[in-house]
Structure formats: structure tokens, C-alpha cells
K.L.:
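Quick one: structure below, then a few questions.
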Amino acid sequence: MIRVLLADDEELIRVALAALLGLEPDLDVVAQAADGRAAVDAALAHRPDVAVVDLEMPALDGLQVTAELSRVLPACAVVVLTGRGRPAHLSRALAAGAKGFLPKGSPGGALADVIRRVHGGDRYVDPSLAADALAAPPCPLTARELELLRLAEPGTPVAAIARRTHLSSGTVRNHLTAIVQKLGVSNRAEALRAARDHGWI
């Protein structure tokens with residue numbers, strides 16, 4: 001039997017996946033979690049062979065869970081499920097140690113097949129997501145610019161961002177201006193939206 005952990009903050013999806021996987025003769029859902037922190041705790045308690053984690057969850061997101069499980073439970077293969085996969089999400093998931101990356105809209109039996117593949121030592125990436133990743137432009141922003149953009153929610157004062165990053169307000173303004181210019185948008189709200197749409201943050 002392949003022991004499986006399911007982590008998704010949407011209860012209906014999590015329960016439906018558990019029921020679907022429960023029909024497979026070689027799969028056993030040994031634990032479920034509604035957020036990323038609970039997923040890591042459940043994995044340490046139940047030692048699953050494969051963890052299926054949603055990309056977007058509270059407490060820790062799917063990428064953080066993947067990285068943590070790769071560190072504390074390397075024998076557990078991680079499959080990341082996503083409702084809206086972006087090329088940058090795929091590359092970050094693989095860099096974090098994910099063995100599989102699958103959209104939630106995949107055919108019913110696909111998840112069971114992917115679980116078997118990654119348990120057997122293979123990797124699986126949805127072909128359409130892989131094609132999109134190969135065609136996607138690279139992120140033009142530096143790591144520092146991405147850090148500042150994450151903090152630059154509309155209405156957040158430059159002084160507050162400067163305090164959190166230990167930079168001067170002038171330096172933060174310069175970075176934000178560079179971000180807006182690099183992304184070809186008119187303001188930081190549009191820059192934030194563009195970066196999220198591309199999956200860079």
C-alpha cells in the first residue's frame with residue numbers, strides 16, 4: 001500500500017480527493033490537513049510515502065510545505081496540486097523538491113497515477129504546464145525587488161516598507177520606480193498584480 005497525506009484548505013476538495021483515492025486498491029489516505037503547518041505535523045506523525053499538497057494554503061503554502069518536507073522527511077515524495085498553475089510556480093515547486101505538479105482540473109484517475117509514479121521514483125509535470133513554463137519569459141526583477149514588491153500592497157507607506165527592510169525611504173522609492181519601469185506598468189498596484197499573475201510572487 002502507498003500511504004498518502006492530503007493537504008488542502010478547501011474541505012470539499014480534500015474530502016472528495018480522499019474518497020476518490022480510497023477507491024484505489026493500492027492507495028491508503030492515512031492523514032488529511034487543512035493548512036500547511038498541519039500538513040507538516042501530520043506528515044511527521046504518520047510518515048506517508050506521498051504527500052499531495054495544494055499550492056495555496058494558509059499557515060504555510062504548498063511550496064513551503066514541499067521545502068519543509070524535503071528537509072525533515074526526504075523519503076516522502078510531494079505532489080503539488082494547483083487551481084491556477086503559473087510557469088514560475090512550477091519552477092519554484094521543483095526547486096523546493098516537488099516530484100509532481102498537477103492542475104486540479106486533471107482527469108479523475110490522473111492523481112492516482114501520478115502518486116504511483118512519484119512513489120516509484122519518477123517525476124511528473126502536467127504537459128501543458130511544462131509547455132507554458134518553457135515559453136514563459138523569465139522574471140525581470142531581482143530578488144531584492146521581489147522582496148520589496150511583496151511588501152508593497154496598495155496603501156502601504158514607503159516608510160513602513162523601509163523600516164521592515166532596513167533600507168532608506170529613498171532606496172525603497174528607487175526600487176519601486178525600477179520595478180514599475182521593468183514591468184511596463186503605471187504604478188506599484190499594477191506591478192504587484194502583474195507579478196502575481198506571472199507567479200513570480
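As the structure is a computational prediction, the values presented were derived from the model and not from experiment.
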K.L.:
For residues Leu111 and Ser106, determine if any side-chain heavy atom of one lies less than 4.5 Å from a side-chain heavy atom of the other.
P.N.:
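Heavy-atom side-chain distance check fails, nothing below 4.5 Å.
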
K.L.:
Anything under 3.5 Å between a donor and an acceptor, one on a side chain of residues 68-80, the other on a protein residue two or more places apart or in another chain? List them.
P.N.:
unit_1, atom_1, unit_2, atom_2, d
Glu68, OE1, Arg71, NH2, 3.4
Glu68, OE2, Arg71, NH2, 2.9
Ser70, OG, Thr66, O, 2.9
Ser70, OG, Ala96, O, 3.1

K.L.:
Quick one: list whatever passes side-chain hydrogen bond (donor to acceptor under 3.5 Å, both in side chains) with Asp35, sequence neighbours left out.
P.N.:
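Scan of Asp35 (side-chain hydrogen bond (donor to acceptor under 3.5 Å, both in side chains), adjacent residues dropped) gives none.
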
K.L.:
Would you say Gln181's side chain and Ala178's backbone share a donor-acceptor pair under 3.5 angstrom?
P.N.:
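No: the side chain of Gln181 does not pair with the backbone of Ala178.
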
K.L.:
Could you tell me if the side chain of Leu5 sits less than 4.5 Å from the side chain of His46, heavy atoms only?
P.N.:
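When only atoms from C-beta onward are counted, Leu5 and His46 do not touch, as no gap falls below 4.5 Å.
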
K.L.:
Donor-acceptor pairs under 3.5 angstrom involving side-chain atoms of residues 17-33: please list them, not counting sequence neighbours.
P.N.:
unit_1, atom_1, unit_2, atom_2, d
Glu24, OE1, Arg116, NH2, 2.5
Asp26, OD1, Arg116, NE, 3.4
Asp26, OD1, Arg116, NH2, 2.9
Asp26, OD2, Arg116, NE, 2.7
Gln32, OE1, Arg14, NE, 3.3

K.L.:
Determine which pairs satisfy salt bridge (charged side-chain N to carboxylate O under 4.0 Å, His left out) with at least one residue from residues 166-176, sequence neighbours left out, and list them in order.
P.N.:
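Qualifying pairs: none.
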
K.L.:
If you measure from OH on Tyr124 to CG on Leu102, what distance do you get to the nearest 0.5 Å?
P.N.:
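Here the interatomic distance stands at 6.0 Å.
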
K.L.:
Is there a side-chain contact between Arg37 and Leu60, using heavy atoms and a 4.5 Å cut-off?
P.N.:
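Of all side-chain heavy-atom pairs linking Leu60 with Arg37, at least one is under 4.5 Å.
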
K.L.:
Taking only residues two or more places apart in sequence, or in another chain, which ones meet Glu147 in a side-chain hydrogen bond (donor to acceptor under 3.5 Å, both in side chains)?
P.N.:
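If we apply the side-chain hydrogen bond (donor to acceptor under 3.5 Å, both in side chains) test to Glu147, skipping adjacent residues, the hits are Arg144.
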
K.L.:
Let me confirm one number: the CD1-CG distance from Ile13 to Asp8, rounded to the nearest 0.5 Å.
P.N.:
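Ile13 atom CD1 to Asp8 atom CG measures 5.0 Å (nearest 0.5 Å).
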
K.L.:
How long is the straight-line distance from CG of Asp126 back to CG of Leu81, given to the nearest 0.5 Å?
P.N.:
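Rounded to the nearest 0.5 Å, the CG-CG separation comes out at 11.0 Å.
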
K.L.:
Between Leu94 and Arg123, what is the shortest heavy-atom contact and its length?
P.N.:
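Here Leu94 and Arg123 meet closest at CD2-NH1, 3.7 Å.
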
K.L.:
Please identify each residue that fulfils side-chain contact (heavy atoms from CB on, under 4.5 Å) with Val172, with sequence neighbours left out.
P.N.:
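Checked Val172 against side-chain contact (heavy atoms from CB on, under 4.5 Å); matches are Leu148, Val158, Ile161, Ala162, Thr165, Leu167, Leu176.
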
K.L.:
Donor-acceptor pairs are to be reported for all side-chain atoms of residues 188-195 against protein atoms at under 3.5 Å, with residues two or more places apart or in another chain.
P.N.:
unit_1, atom_1, unit_2, atom_2, d
Arg188, NH1, Thr156, O, 3.2
Arg188, NH2, Thr156, O, 2.4
Glu190, OE1, Ser186, N, 3.1
Glu190, OE1, Ser186, OG, 3.0
Glu190, OE2, Ser186, OG, 3.1

K.L.:
Under 3.5 Å, which donor-acceptor pairs do the side chains of residues 47-55 form with other protein atoms, sequence neighbours left out?
P.N.:
unit_1, atom_1, unit_2, atom_2, d
Arg47, NE, Leu44, O, 3.4
Asp49, OD2, Arg3, N, 2.7
Asp54, OD1, Lys104, NZ, 3.3
Asp54, OD2, Lys104, NZ, 3.4

K.L.:
Mind checking side-chain contact (heavy atoms from CB on, under 4.5 Å) for Ser168 and listing every partner two or more places apart, or none if nothing turns up?
P.N.:
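If we apply the side-chain contact (heavy atoms from CB on, under 4.5 Å) test to Ser168, skipping adjacent residues, the hits are Thr171.
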
K.L.:
Restricting to side-chain hydrogen bond (donor to acceptor under 3.5 Å, both in side chains), what partner residues turn up for Thr177, sequence neighbours left out?
P.N.:
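Listed in chain order: nothing, the list is empty.
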
K.L.:
Mind checking the CG-CG spacing from Leu151 to Leu146? Nearest 0.5 Å is all I need.
P.N.:
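Interatomic distance, Leu151 CG to Leu146 CG, rounded to 0.5 Å: 11.0 Å.
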
K.L.:
Roughly how far apart are Arg92 CZ and Gln64 CD, rounded to 0.5 Å?
P.N.:
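If we round to the nearest 0.5 Å, Arg92:CZ and Gln64:CD are 9.5 Å apart.
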
K.L.:
What's the shortest heavy-atom distance between Thr82 and Phe101, and which atoms?
P.N.:
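Looks like CG2-CE2, 3.7 Å.
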
K.L.:
Identify, with sequence neighbours excluded, every residue that meets salt bridge (charged side-chain N to carboxylate O under 4.0 Å, His left out) alongside Arg150.
P.N.:
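None.
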
K.L.:
Can you get from Ile201 to Leu141 by hopping between Ile, Leu, Val, Met, Phe, Trp and Tyr side chains that sit under 4.5 Å apart?
P.N.:
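Yes; tracing contacts between hydrophobic side chains, which count when under 4.5 Å, links both residues.
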
K.L.:
Considering residues at least two apart in sequence or located in another chain, which fulfil the side-chain contact (heavy atoms from CB on, under 4.5 Å) criterion with Ala95?
P.N.:
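Checked Ala95 against side-chain contact (heavy atoms from CB on, under 4.5 Å); zero matches.
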
